[in-house]
Asker: 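Pasting a structure here, questions to come.
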Amino acid sequence: MAYSGEPILVEDLLFRPEHSLIDQSLHSRMGETTTNGDGFGVGWYGEGTEPAVYKGIEPAWNDSNLREIAGQVRASMLLSHVRSSTGTAVQRSNCHPFRHGKWLWVHNGVLRGFRDIRRDLLMAVDPALFLDIEGSTDTEALFYLALTFGLVDDPFDGVARAVGFVEDVGHANGVEHPVQMTVATTNGEFLWVFRYSSERRTRSLFFSTEVSQLRALHPEIEVLRELGGETRFVVSEPLRDLEGAWNEVPESSAAVVGPGTAAIRPFAPISPV
């Protein structure tokens, strides 16, 4: 789940919605697995120059400290993730969001054949970045490849070149469909999201309708009056069943959300030179 808007209690984002991310960790309706209990993480921007990250290896629904923190922290930009491991260890360094400098990164999906192509992927990471890799997941590898290929200067092209490189390496090693991903990444000011898979059957991703439109559609919903006009959610699954509230991010698309900005564009991998 990604949130961008006026500061709001983290509790209202993670626990309050009918089908909140905490509920999804137990009862996912659209995910690859129903239960996602292999750790969790929350990243947000506060007073520091870098975002804060809170992670744990317990299931999100079972971490009392998360609820304590969520009731005291407000965030205007937040990424959160509940994990179902695709084969790597259940440890804190493998939980999302991943952080580098002011950037956060979460990923739902898998790089297929990762065990066999991991070395080739990691050897392409910029040496100046390599020592900052802490875990063993495909998600963190993809993040550092995106940083290597220009995420900071141009997130759309940086991610496209990283995905193109993974596909090139995968195909060279006999992996037919190397990439399955929905990704969200942010620098604290803008949020970029991506929906793409090599076989063009990507996992679900939705963005919220503009709040003013929702208020007009549902004047009876009190919580809508509490949200700022530039509020945007991007989620793997709708947080509640509300007509007109959610729009599916199209297959092979990317989007940027930020102050005065909300735009979707086609996404295609770029094979790096």
Side-chain angles (χ1 to χ4, degrees), residues 1-33 35-46 50-85 90 92-100 102-109 135 137 139-140 143 181-188 190-195 203-208 223 227 231-240 246 249 255 257:
M1 185 193 75
Y3 169 83
S4 174
E6 294 183 12
I8 188 173
L9 270 179
V10 174
E11 179 179 59
D12 291 341
L13 298 173
L14 295 186
F15 291 93
R16 186 176 176 186
E18 179 182 304
H19 189 46
S20 68
L21 194 65
I22 304 303
D23 182 66
Q24 291 176 38
S25 66
L26 270 168
H27 308 293
S28 172
R29 300 171 186 170
M30 302 175 132
E32 193 72 9
T33 57
T35 304
N36 299 274
D38 294 330
F40 69 91
V42 184
W44 70 95
Y45 294 78
E50 295 185 357
V53 173
Y54 177 71
K55 302 181 182 184
I57 61 172
E58 291 186 351
W61 68 82
N62 197 42
D63 191 294
S64 58
N65 288 326
L66 175 61
R67 186 174 285 276
E68 288 286 330
I69 292 171
Q72 299 293 329
V73 172
R74 290 185 179 273
S76 58
M77 182 74 78
L78 176 142
L79 295 185
S80 188
H81 184 274
V82 290
R83 183 171 185 244
S84 178
S85 172
V90 178
R92 187 184 183 280
S93 60
N94 282 344
C95 293
H96 315 206
F98 294 95
R99 174 180 60 191
H100 187 271
K102 63 182 180 180
W103 288 84
L104 293 173
W105 176 279
V106 295
H107 166 222
N108 179 30
T137 65
T139 295
E140 191 177 21
F143 179 32
M181 71 171 208
T182 56
V183 161
T185 187
T186 178
N187 60 5
F190 291 93
L191 168 72
W192 291 265
V193 297
F194 302 84
R195 185 181 184 213
R203 294 174 187 175
S204 58
L205 192 66
F206 300 86
F207 66 94
S208 59
V223 69
L227 298 175
T231 294
R232 281 287 191 273
F233 291 89
V234 182
V235 295
S236 292
E237 302 182 20
L239 300 180
R240 64 178 294 175
W246 303 101
V249 176
V257 173

Asker: Looking at CD of E50 and NZ of K102, how far apart are the two atoms once the value is rounded to the nearest 0.5 Å?
Answerer: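 The CD atom of E50 sits 10.5 Å away from the NZ atom of K102.
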
Asker: Side chains of F98 and K55: closer than 4.5 Å at any heavy-atom pair?
Answerer: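 When only atoms from C-beta onward are counted, K55 and F98 do touch, with a gap below 4.5 Å.
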
Asker: Do T185 and F194 come within less than 4.5 Å of each other through their side chains, counting heavy atoms only?
Answerer: yes

Asker: What distance do H81 atom NE2 and N36 atom CG have between them, rounded to the nearest 0.5 Å?
Answerer: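 H81 NE2 to N36 CG: 8.0 Å, rounded to 0.5 Å.
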
Asker: With heavy-atom distances below 4.5 Å as the criterion, would you say the side chains of V223 and R240 are in contact?
Answerer: yes

Asker: Does the side-chain contact (heavy atoms from CB on, under 4.5 Å) test come out yes or no for Y54 and W44, once each step is laid out?
Answerer: CA-CA 9 Å; Y54 177 71; W44 70 95; 4.0 Å; yes

Asker: For the residue pair S20 and M1, establish whether any side-chain heavy-atom pair is separated by less than 4.5 Å.
Answerer: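 S20 vs M1: side chains apart.
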
Asker: Looking at side-chain heavy atoms only, is the closest gap between V257 and V193 below 4.5 Å?
Answerer: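 The answer is no; the side chains never approach within 4.5 Å.
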
Asker: Please determine whether side-chain hydrogen bond (donor to acceptor under 3.5 Å, both in side chains) holds for the pair D23 and H27, giving the CA-CA distance in whole Å, both sets of side-chain angles, and the decisive distance to 0.1 Å.
Answerer: CA-CA 6 Å; D23 182 66; H27 308 293; 4.6 Å; no

Asker: Going from CD on Q24 to CD on E237, what distance comes out if it is rounded to the nearest 0.5 angstrom?
Answerer: 4.0 Å

Asker: Walk me through whether V234 and T182 qualify under side-chain contact (heavy atoms from CB on, under 4.5 Å).
Answerer: CA-CA 10 Å; V234 182; T182 56; over 6 Å; no

Asker: With side-chain contact (heavy atoms from CB on, under 4.5 Å) as the criterion, how do S236 and R203 come out once you've worked through the C-alpha distance, each side chain's angles and the decisive distance to 0.1 Å?
Answerer: CA-CA 8 Å; S236 292; R203 294 174 187 175; over 6 Å; no

Asker: Minimum heavy-atom separation for E140 to S93, with atom names?
Answerer: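 Scanning both residues completely, I find the closest heavy atoms to be OE1-O, 4.2 Å.
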
Asker: How many angstroms lie between CG in L205 and CG in N108, if you round to the nearest 0.5 Å?
Answerer: 8.5 Å

Asker: To the nearest 0.5 Å, tell me how far N62 CG sits from I22 CD1.
Answerer: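 N62 CG to I22 CD1: 11.0 Å, rounded to 0.5 Å.
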
Asker: For a quick test of your reading: what N or O donor-acceptor pairs under 3.5 Å do the side chains of residues 3-16 make, sequence neighbours left out?
Answerer:
residue: Y3; atom: OH; partner: E6; partner atom: N; Å: 3.4
residue: Y3; atom: OH; partner: E6; partner atom: O; Å: 2.6
residue: R16; atom: NH1; partner: E226; partner atom: OE1; Å: 3.1

Asker: In the structure I gave you, are the side-chain heavy atoms of V53 and L104 within less than 4.5 Å of one another anywhere?
Answerer: yes

Asker: Kindly write out the residues that satisfy side chain to side chain contact (heavy atoms under 4.5 Å, CB included) with S208, not counting sequence neighbours, or none if the list is empty.
Answerer: R232, F233, W246

Asker: Answer whether the closest heavy-atom distance between the side chains of F143 and T137 falls below 4.5 Å.
Answerer: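 SC-SC contact between F143 and T137 ruled out.
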
Asker: Might you confirm whether atom CD of E18 has over 12 heavy atoms from other residues, nucleotides or ligands at distances under 6.0 Å?
Answerer: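 Above 12, so yes.
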
Asker: Would you check if S85 and N94 make a side-chain contact, meaning some heavy-atom pair closer than 4.5 Å?
Answerer: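 Not touching, per the 4.5 Å side-chain cut-off.
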
Asker: I'd like to check the salt bridge (Lys or Arg N to Asp or Glu O under 4.0 Å) partners of E68; sequence neighbours left out, ordered by chain and number.
Answerer: none

